2 protein chains.
Amino acid sequence: MDYKPFLDYINHYISLTEAEEALLLSKVIPRSYLKHQFIVQQGDVCKSANFIVSGCTKMFYMDADGQEHVVMFAIEDWWSSDLGSFITQSPADYNVQCLEPCEVIQFTYENLEELYAEIPKLERLFRKIVERAFVASQKRIVRNFSLSAKERYQLFRTTYPKIDQRVPQYMIASYLGITKEFLSKIKRELAKA
Amino acid sequence: MDYKPFLDYINHYISLTEAEEALLLSKVIPRSYLKHQFIVQQGDVCKSANFIVSGCTKMFYMDADGQEHVVMFAIEDWWSSDLGSFITQSPADYNVQCLEPCEVIQFTYENLEELYAEIPKLERLFRKIVERAFVASQKRIVRNFSLSAKERYQLFRTTYPKIDQRVPQYMIASYLGITKEFLSKIKRELAKA
DNA sequence: TAAAAAAGTTAAACTAGATTAACATCATTT
DNA sequence: AAATGATGTTAATCTAGTTTAACTTTTTTA
């Protein structure tokens, strides 16, 4: 597996010495998944923090009625884990499933705790990553309330054009909180206009 | 101002020596606000991270139509800042306003950066705080999609009974993403049943 | 390459929640 | 204690988005 995108990503936030890079890579697990494979399963403990080197995943919640709710997609240079389950090492609320074959770099909980002790700068790295993720998540809450379904789709399409192209439409509908039928109607209207 | 709740809160996540506590307190600003006063204003840079010692705030977004959207409430032992604005030191998307007289402990951006350098453990503290906030935020997104307005209100009421009692109903409606009229209807139904 | 499965479309009937508008109650200030 | 403004209620009408169900197109697999 090619570690360069991963190291580039990290060096965007903090700078590591060669020794630190080597230590980091020694405690990280490269893993490949097939399309449709689950990286995390609802009910199981999320044992790793997963960095996507290549491929595409969805994180989703299966509700009591068997309805899927897509919480987020992840592609190259994003993380895809049930963070709540990972940090508390308790059963996951969400599934993470590969929508394409995926190459993933994994931190186990124990390895990450060791790394925090050995390279304290990593606390800073993950603080910054999660800060950004939290801000984006709050922004999404507001938008879900203040924008119409059509506006939300237009925003999604311009913000994540790559994901819009790679992911089945019915999953995007779920991510936007609408039915696939209604998204189909929205796309027809947008195509006309 | 009484710093004990603040120190207790911090010691729940990490442990500080007496010297570290003293250094921390020397770089923090206690401040009082009146009811209705703004701690952060949309468009201004959010200059401080705000820990609520006493009182209650709302963070809200004012949309293009002049409609208020409540993103979150904060009471004792919570934070209330526009984190996106704070971490990037760019104009705030949100307002933070006091719903009661408030006692607040403030970290300026510069002081916090200094503190991170002087007490690296604080990176760990804020990493953990933001991790939890992010997990809660994602959970809220899923719930907004998978639960009805009535279910969301019931969940809110049992999760945050104190806030339900302290905050005007029309603001709770805004937080839940519904109109005050519809919340009124929901409450009538719940009272009947 | 046929067939089966997955993904997408269309349209009619329906519903959760919005809008509007009038009114009621409570709190604050003078 | 009256008046003002803020908060909460009720009910009729309306609409964005759902549901259902039948159908088409694309992709995957045998």
Side-chain angles (χ1 to χ4, degrees), chain A residues 34-37 56 58 60 62-70 73 97-101 141-157 163-193, chain B residues 34-38 56 58 60 62-70 73 97-101 141 143-157 163-193:
Chain A
L34 301 173
K35 185 172 176 175
H36 299 134
Q37 227 178 332
C56 179
K58 67 173 168 183
F60 67 101
M62 186 70 79
D63 73 17
D65 306 332
Q67 274 260 291
E68 239 184 75
H69 300 273
V70 174
F73 298 107
Q97 190 179 14
C98 300
L99 304 179
E100 299 174 3
I141 291 174
V142 179
R143 283 173 178 163
N144 287 344
F145 285 149
S146 58
L147 302 181
S148 68
K150 190 184 201 166
E151 290 168 325
R152 273 180 275 147
Y153 175 60
Q154 286 178 298
L155 190 61
F156 176 81
R157 203 168 54 165
I163 296 178
D164 186 50
Q165 282 154 30
R166 277 162 87 166
V167 164
Q169 202 167 301
Y170 73 93
M171 291 183 197
I172 293 172
S174 171
Y175 174 87
L176 294 172
I178 59 179
T179 58
K180 59 189 184 0
E181 291 84 357
F182 194 56
L183 180 54
S184 182
K185 195 174 175 183
I186 286 170
K187 291 191 85 166
R188 195 197 334 158
E189 281 169 21
L190 289 174
K192 242 188 296 177
Chain B
L34 301 173
K35 185 172 177 176
H36 299 135
Q37 227 178 332
F38 282 70
C56 179
K58 68 173 168 182
F60 68 99
M62 186 70 78
D63 72 17
D65 307 331
Q67 275 261 292
E68 238 184 76
H69 300 274
V70 174
F73 298 108
Q97 189 180 14
C98 299
L99 304 180
E100 299 173 5
I141 289 174
R143 283 174 178 163
N144 287 344
F145 286 150
S146 57
L147 302 182
S148 68
K150 190 183 201 167
E151 290 168 325
R152 273 180 276 146
Y153 175 60
Q154 287 178 297
L155 190 62
F156 176 82
R157 204 167 56 164
I163 297 178
D164 186 50
Q165 282 153 30
R166 276 163 88 166
V167 163
Q169 202 168 300
Y170 73 93
M171 290 183 197
I172 294 173
S174 171
Y175 174 88
L176 295 172
I178 60 179
T179 58
K180 61 190 185 358
E181 291 84 358
F182 194 55
L183 179 54
S184 182
K185 194 175 175 182
I186 286 170
K187 290 190 87 167
R188 195 196 337 158
E189 280 169 23
L190 289 174
K192 243 188 298 180

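Here is the naming used below: chain letters follow the sequence lines, and residue numbers restart at 1 for every chain. Nothing here was measured: the structure is a model prediction, and the numbers come from that model.
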Roughly how many Å is it from CD in Glu189(A) to P in dT10(C), rounded to a whole number?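 It works out to 11 Å between those atoms.
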Value in whole Å for how far the P atom of dT7(D) lies from CG of Asp164(B): 16 Å
Give every donor-acceptor pair under 3.5 Å between a side-chain atom in residues 170-181 of chain B and any protein atom, sequence neighbours left out.
unit_1	atom_1	unit_2	atom_2	d
Ser174(B)	OG	Glu68(B)	O	3.3
Ser174(B)	OG	Val70(B)	N	2.8
Thr179(B)	OG1	Phe182(B)	N	3.2

Under 4.0 Å protein heavy-atom contact, by nucleotide of nucleotides 14-30 of chain D - B base, S sugar-phosphate only: ---BBBBB------S--
Quick check: do [X] and [Y] have side-chain heavy atoms less than 4.5 Å from each other?
| X | Y | value |
| --- | --- | --- |
| Leu99(B) | Arg166(B) | no |
| Phe60(B) | His69(B) | no |
| Asn144(A) | Asn144(B) | no |

According to a strict under-4.0 Å criterion, is [X] in side-chain N/O contact with OP1 or OP2 of [N]?
| X | N | value |
| --- | --- | --- |
| Gln169(A) | dA6(C) | no |
| Tyr170(A) | dG8(C) | no |
| Arg188(B) | dT10(D) | yes |

Please report the interatomic distance NZ(Lys150(B)) to CG(Leu190(B)), rounded to the nearest 0.5 Å. 5.5 Å
Take Ser146(A) and Gln67(B), measure what side chain to side chain contact (heavy atoms under 4.5 Å, CB included) needs, and give me the verdict at the end. CA-CA 9 Å; Ser146(A) 58; Gln67(B) 275 261 292; over 6 Å; no
